[in-house]
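Read the numbers this way: they start at 1 and go in the same order the structure lists the ligands and their atoms.
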Amino acid sequence: MDASALLSRLACPLIPVVVIDRLDDAVPLAEALLQGGISALEITLRTPVACEAISAMKSALPDAVIGAGTVSSGEAYGAAVQAGADFVVSPGATDQLFKTAAAHAVPFLPGAVTGSEVLRAMEFGYAALKFFPAEAAGGPQALQALSGPFPDINFMPTGGVTPHNVAAYLQLNNVCAVGGSWLTPRDLLIDQQWEAVFQLAADSVTQVTQMSRGEWQ
Ligand code: 3PG
């Protein structure tokens, strides 16, 4: 399955971008998010326990869609696959990443912002791309502009997406999902406030559901 197909089958288009410091937090955190209605998580490879956290989540919650983020090298890509990641996300793309991705069945979402970066990803056969850093790179206006020359490309914007601007992204036809760290605030994770994580996820999912019903304010 490629990344476009994987993202389009998600019931919820909100993807928490997670920085996990303690391995013991992995499963309760994933459980809270999934119970709140989240369909997929991106675990950033920014901490020493990130790959172990992915493995622990996949082992405890085999049906959960758990991706690896901040994958910046072929070596990291291999480690993410080894850990059991269902998809791999990178803030950009390099020859090494494209080459490694081609050697694995796990879907890859390369990062692209400019026309040249989008064209390069298309040359490698990609139709679903991460748009990072979304707000700094022009936000919904930039994505709308990209839909002209690239009508068949879907984006997952991350970087500066918040409850206040998420609607503007999800209303775009070329946005298939949005990612962000607002769903897993650091203070809640430090204090292991899983009920609060659940509630935040549930409220955000409700917000998005209302939006798709045209009730968004
Ligand atoms: C990231 O890779 O850090 C993501 O894009 C999340 O960005 P955010 O913290 O602005 O949501």
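- Residue pairs meeting the ring pair (Phe, Tyr, Trp, His ring centres under 6.0 Å) criterion with at least one partner in residues 31-76, sequence neighbours excluded, are absent.
- With no hydrogens or angles considered, no side-chain donor-acceptor pair links Gln82 and Tyr77 at under 3.5 Å.
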Donor-acceptor pairs are to be reported for all side-chain atoms of residues 59-67 against protein atoms at under 3.5 Å, with residues two or more places apart or in another chain.
none

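- Two residues are said to be in side-chain contact when any heavy atoms from C-beta on lie closer than 4.5 Å; Pro107 and Asp2 fail this criterion.
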Ligand 1 N/O to protein N/O, distances under 3.5 Å:
{"from": "ligand 1", "atom 1": "2 (O)", "to": "Arg46", "atom 2": "NH2", "distance (Å)": "2.5"}
{"from": "ligand 1", "atom 1": "3 (O)", "to": "Arg46", "atom 2": "NH1", "distance (Å)": "3.3"}
{"from": "ligand 1", "atom 1": "3 (O)", "to": "Arg46", "atom 2": "NH2", "distance (Å)": "2.8"}
{"from": "ligand 1", "atom 1": "5 (O)", "to": "Thr158", "atom 2": "OG1", "distance (Å)": "2.8"}
{"from": "ligand 1", "atom 1": "5 (O)", "to": "Gly159", "atom 2": "N", "distance (Å)": "3.2"}
{"from": "ligand 1", "atom 1": "9 (O)", "to": "Ser181", "atom 2": "OG", "distance (Å)": "2.5"}
{"from": "ligand 1", "atom 1": "10 (O)", "to": "Gly160", "atom 2": "N", "distance (Å)": "2.7"}
{"from": "ligand 1", "atom 1": "11 (O)", "to": "Ser181", "atom 2": "N", "distance (Å)": "2.9"}
{"from": "ligand 1", "atom 1": "11 (O)", "to": "Ser181", "atom 2": "OG", "distance (Å)": "3.2"}

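- If you look at Tyr126 and Phe108, their ring centroids are closer than 6.0 Å.
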Report all side-chain donor-acceptor pairs from residues 181-189 shorter than 3.5 Å, counting only partners two or more places apart or in another chain.
{"from": "Thr184", "atom 1": "OG1", "to": "Val17", "atom 2": "O", "distance (Å)": "3.4"}
{"from": "Arg186", "atom 1": "NH1", "to": "Asp21", "atom 2": "OD2", "distance (Å)": "3.4"}
{"from": "Arg186", "atom 1": "NH2", "to": "Asp21", "atom 2": "OD2", "distance (Å)": "2.6"}

